[in-house]
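So you know, we letter chains A, B, ... as the sequences are listed, proteins then strands, and number each from 1. Computed over heavy atoms, backbone and side chain alike; hydrogens, waters and symmetry mates excluded. Given the structure is predicted, the values throughout are model-derived calculations rather than measurements.
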Protein chains: 2
Amino acid sequence: MISSRDVAKMAGVSQSTVSRVLNNPESVKPDTRNKVLRAIEELGYQPNLIARSLVTNSTRTIALISGTLSNGFFVETTNSIVDLATNRGYKTMVYFEGAMALRDIFDSIRGNKVDGILLSSIKLDDPMFEEIERSGIPYMLFNRRPRKGGNYVILDNFSAAEMITHHLLELGHRRIAYISGETNISTFFERKIGFEQVLREAGLSLQPDLFHVCDTSSSEVGKITLKLMHMSNPPTAILCATDAMAFSCMDAVLSMGLRIPEDVSLAGIDDISMASHHAIQLTSVGHHKFRIGEIAAENLIEMIEHGVESDRPRQIILQPELVIRKTTGRKR
Amino acid sequence: MISSRDVAKMAGVSQSTVSRVLNNPESVKPDTRNKVLRAIEELGYQPNLIARSLVTNSTRTIALISGTLSNGFFVETTNSIVDLATNRGYKTMVYFEGAMALRDIFDSIRGNKVDGILLSSIKLDDPMFEEIERSGIPYMLFNRRPRKGGNYVILDNFSAAEMITHHLLELGHRRIAYISGETNISTFFERKIGFEQVLREAGLSLQPDLFHVCDTSSSEVGKITLKLMHMSNPPTAILCATDAMAFSCMDAVLSMGLRIPEDVSLAGIDDISMASHHAIQLTSVGHHKFRIGEIAAENLIEMIEHGVESDRPRQIILQPELVIRKTTGRKR
DNA sequence: CTGAAAGCGCTTACAG
DNA sequence: CTGAAAGCGCTTACAG
């Protein structure tokens, strides 16, 4: 491999000068600069970024630890985060939750000296959170947050759940099923609280046989949906904690030959782009598409480049908008 | 930051021994090994992988350069590639086509000394292809291939297009519109050839007003769809070169208040997972889900670990299966 | 089984 | 404006 020594030799200068031409061109006389540039060209020299990183202690790499792409929400955030980082001159190391323990991913990331971390996969009481804070590596959480503190950008999940539940109540629904993911995750925790709160205000209560927690996989959601719709007194509406779950739920409902919303209303939360497809038309509530990922990435890069003010965590809560489409209708 | 020197000092051994404990534990006496291990534990030592890479000349990193996640096909390959790589102990640097010129991505990748490259975004006559070959970095292309040679795993696009076109002809369709992406990409080129071939065999020909090439974006496909369906003599069936395009097409058709397949039949190619959703039920043709990405990653890792046999390129062509669902029906 | 020394390919004070 | 020297944190022959 060609190194800066080779370039230096060919240009008849020192290695330091080659380095300067690369990193601070104005500091070297045009004449010498051109000699170096020509040598670089001639040799097809490619600086070894690994070596550079070792001395500068910066890799221009951010790590993205994201929920699985089976959830369309993370498809949108992953796409926009990677593109934004790329445009800003950062490489993105991607990990999807589940393939490896967060602990091991974090160790790998530390060893690789990434400049910053973007993380969706944190639990409410995750022991990793404190470690990440302590590591001093700039980070932004997105979509989920820990119980206390941290830098994050999330949806106002409580409000989102309130809004969509209100909508269902207004349509006359009283038997509303709720399918949630594990409530040790802030998103699911906060959405459930919002749902319960509105029920309570309406003089209703969360009925155990209409409330289900599952692992958010399509097969699990499907099973629960079938169980619900086979009840002697099935719900007239189903609220799913995410749009991705609502898609699975819809799939199961339709597979039974039932119609939406005639036989059962269906709603989700997140308002991912597929929700607006004319074949889906899912009523949902969420923030404008893509923005969560972008905001997280923007803030992270700012922290990397202008330093972290650890006394003032970045906590951004986006306000949701209700989007009524075709999967919710009056109770019959 | 704690280095192996600190560990060595604390354990009362040399840096070499610390290195051995990490990389070849059996080569050091249990006694010394334990002293070192204890020191590592005590100091919370994390080896600097950047420094290691500089000397071993291996980063355990693969670069994935993928088509955009707006196309569900690449969602599935990205998900399975990243997970497979992670499980095998490789990090994945991800780039999406379009955010940066392939030329610049490649330079960045070379500088970062990745162990291998997984690339979907190659054109038929892409000047970058030769450069990649020449670089000597192990690589696998997937989904698309260059005109000649290379390591790749692709669908038998010609057969896929043949099969789906046959299906449409058998349903009685004669005015079949075809919406394609740019034909300087092998996928679109081969699919178009397959489509034309079957038409020709049936004594039909590709009619200019029914054949459209676009940039595959949802808005472009939508525009073309509207144009087609507003013709005085609209097509009775539309074949889209990818399922992702078929989804956009479906969206546009439904937005006009038309029904599928009553007013127009619709088919795609790829058979991505969303195609089987009960609200979509898209007739398509493709290989079993996820496998293309996995096969590409498996082969790449094998090349990285067991060496490249450059005289025998890896060329894997997967056979498609036709999956008839609800978007295609008899011509009325 | 272990250590001292050299080296991977850069950058960065320091001196001139 | 430029060069010689030291150093980033590892690994790897080599010697013992």
Side-chain angles (χ1 to χ4, degrees), chain A residues 1-40 43-61 91 107-115 137, chain B residues 1-40 43-61 91 107-115 137:
Chain A
M1 214 55 280
I2 294 124
S3 78
S4 64
R5 285 193 73 231
D6 303 316
V7 175
K9 208 165 297 173
M10 175 169 227
V13 299
S14 76
Q15 220 178 348
S16 326
T17 299
V18 176
S19 177
R20 287 195 194 91
V21 171
L22 257 29
N23 300 306
N24 194 11
E26 310 81 50
S27 77
V28 20
K29 197 163 54 169
D31 247 25
T32 8
R33 193 196 308 156
N34 287 329
K35 275 193 297 183
V36 172
L37 256 15
R38 252 195 307 274
I40 287 177
L43 295 169
Y45 168 66
Q46 226 21 71
N48 183 330
L49 270 22
I50 300 283
R52 176 181 294 170
S53 290
L54 185 58
V55 22
T56 61
N57 216 17
S58 132
T59 52
R60 303 268 322 158
T61 300
K91 290 140 272 169
D107 285 347
S108 157
I109 279 174
R110 280 184 54 190
N112 283 289
K113 307 291 172 196
V114 301
D115 291 349
I137 304 173
Chain B
M1 212 57 277
I2 295 125
S3 78
S4 64
R5 285 192 72 232
D6 303 316
V7 175
K9 207 166 295 172
M10 176 170 226
V13 299
S14 76
Q15 219 177 351
S16 325
T17 299
V18 175
S19 177
R20 287 195 194 93
V21 170
L22 256 30
N23 299 308
N24 193 10
E26 309 80 48
S27 76
V28 19
K29 198 162 55 170
D31 248 24
T32 5
R33 192 196 307 156
N34 287 328
K35 274 192 299 188
V36 172
L37 256 15
R38 253 194 308 272
I40 287 177
L43 294 169
Y45 168 66
Q46 223 28 67
N48 183 328
L49 269 22
I50 300 282
R52 177 181 294 171
S53 290
L54 184 57
V55 23
T56 62
N57 216 16
S58 132
T59 52
R60 303 267 322 158
T61 300
K91 289 141 273 169
D107 285 347
S108 157
I109 278 174
R110 279 183 54 190
N112 283 289
K113 306 294 173 193
V114 301
D115 291 348
I137 304 173

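- Contacts of A:Arg5 with the nucleic acid, taken as non-hydrogen atoms under 4.0 Å apart, are absent.
- One can place CG of A:Leu22 at 15 Å from P of C:dG9, the figure rounded to the nearest angstrom.
- When the P atom of C:dG9 is taken as reference, atom CG of B:Asn112 falls 15 Å away, rounded to whole Å.
- Set against C:dA4, C:dA13, C:dC8, the side chain of B:Val55 has C:dC8 as its closest nucleotide.
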| said: Please determine whether side-chain contact (heavy atoms from CB on, under 4.5 Å) holds for the pair B:Asn48 and B:Met1, giving the CA-CA distance in whole Å, both sets of side-chain angles, and the decisive distance to 0.1 Å. | reply: CA-CA 9 Å; B:Asn48 183 328; B:Met1 212 57 277; over 6 Å; no

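- In this structure, CD1 in A:Ile40 is found 11.5 Å from CG in A:Asp6, a value given to the nearest 0.5 Å.
- Mapping B:Ser16 and B:Ala51 onto DNA chain D by nearest heavy atom places B:Ala51 closer to the 5' end of the strand.
- Base pairing analysis places C:dA15 opposite D:dT2; the two distances defining the Watson-Crick or G-U wobble pair are each below 3.5 Å.
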| Test side-chain contact (heavy atoms from CB on, under 4.5 Å) applied to B:Leu22 and B:Arg52, step by step | CA-CA 11 Å; B:Leu22 256 30; B:Arg52 177 181 294 171; 4.3 Å; yes

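- For the pair B:Leu54 CG and D:dG9 P, the computed distance is 12 Å after rounding to whole Å.
- Counting non-hydrogen atoms under 4.0 angstrom, A:Thr32 reaches the backbone sugars and phosphates but no base.
- Neither OP1 nor OP2 of D:dG9 sits under 4.0 Å from any side-chain N or O of B:Ser4.
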| task | Before giving the answer on side-chain contact (heavy atoms from CB on, under 4.5 Å), spell out for A:Lys91 and B:Ser108 the whole-Å C-alpha distance, their side-chain angles and the decisive distance to 0.1 Å. | result | CA-CA 9 Å; A:Lys91 290 140 272 169; B:Ser108 157; 4.0 Å; yes

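- Spacing between atom CG of A:Leu49 and atom C1' of C:dT11 amounts to 13 Å, rounded to whole angstrom units.
- Atom CD in A:Gln46 sits roughly 14 Å away from atom C1' in C:dC10 (whole-Å rounding).
- Using a 4.0 Å heavy-atom criterion, one finds that B:Thr17 contacts the sugar-phosphate atoms exclusively.
- Taking atom CG of A:Asn24 as the reference point, atom P of D:dG3 lies 15 Å away to the nearest angstrom.
- Put simply, CG on B:Asn34 is 14 Å from P on C:dC1, counting in whole angstrom units.
- Of the side-chain N and O atoms in B:Ser3, none sit less than 4.0 angstrom from OP1 or OP2 of D:dG9.
- Checked against D:dC10, D:dT2, C:dT2, the side chain of A:Lys29 finds its nearest nucleotide in D:dT2.
- Applying the 4.0 Å criterion to OP1 and OP2 of C:dT2, one finds that B:Ser14 has every side-chain N and O outside that range.
- Nucleic acid contact for A:Val13: sugar-phosphate only, since backbone atoms but no base atoms lie under 4.0 Å from a heavy atom of the residue.
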| query | Going through the distances and angles, do B:Val36 and B:Arg33 end up as a side-chain contact (heavy atoms from CB on, under 4.5 Å)? | reply | CA-CA 5 Å; B:Val36 172; B:Arg33 192 196 307 156; 5.8 Å; no

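- OP1 or OP2 of C:dT11 sits under 4.0 Å from a side-chain N or O of A:Asn23.
- Atoms CD (B:Gln15) and C1' (C:dG7) sit 13 Å apart, rounded to a whole Å.
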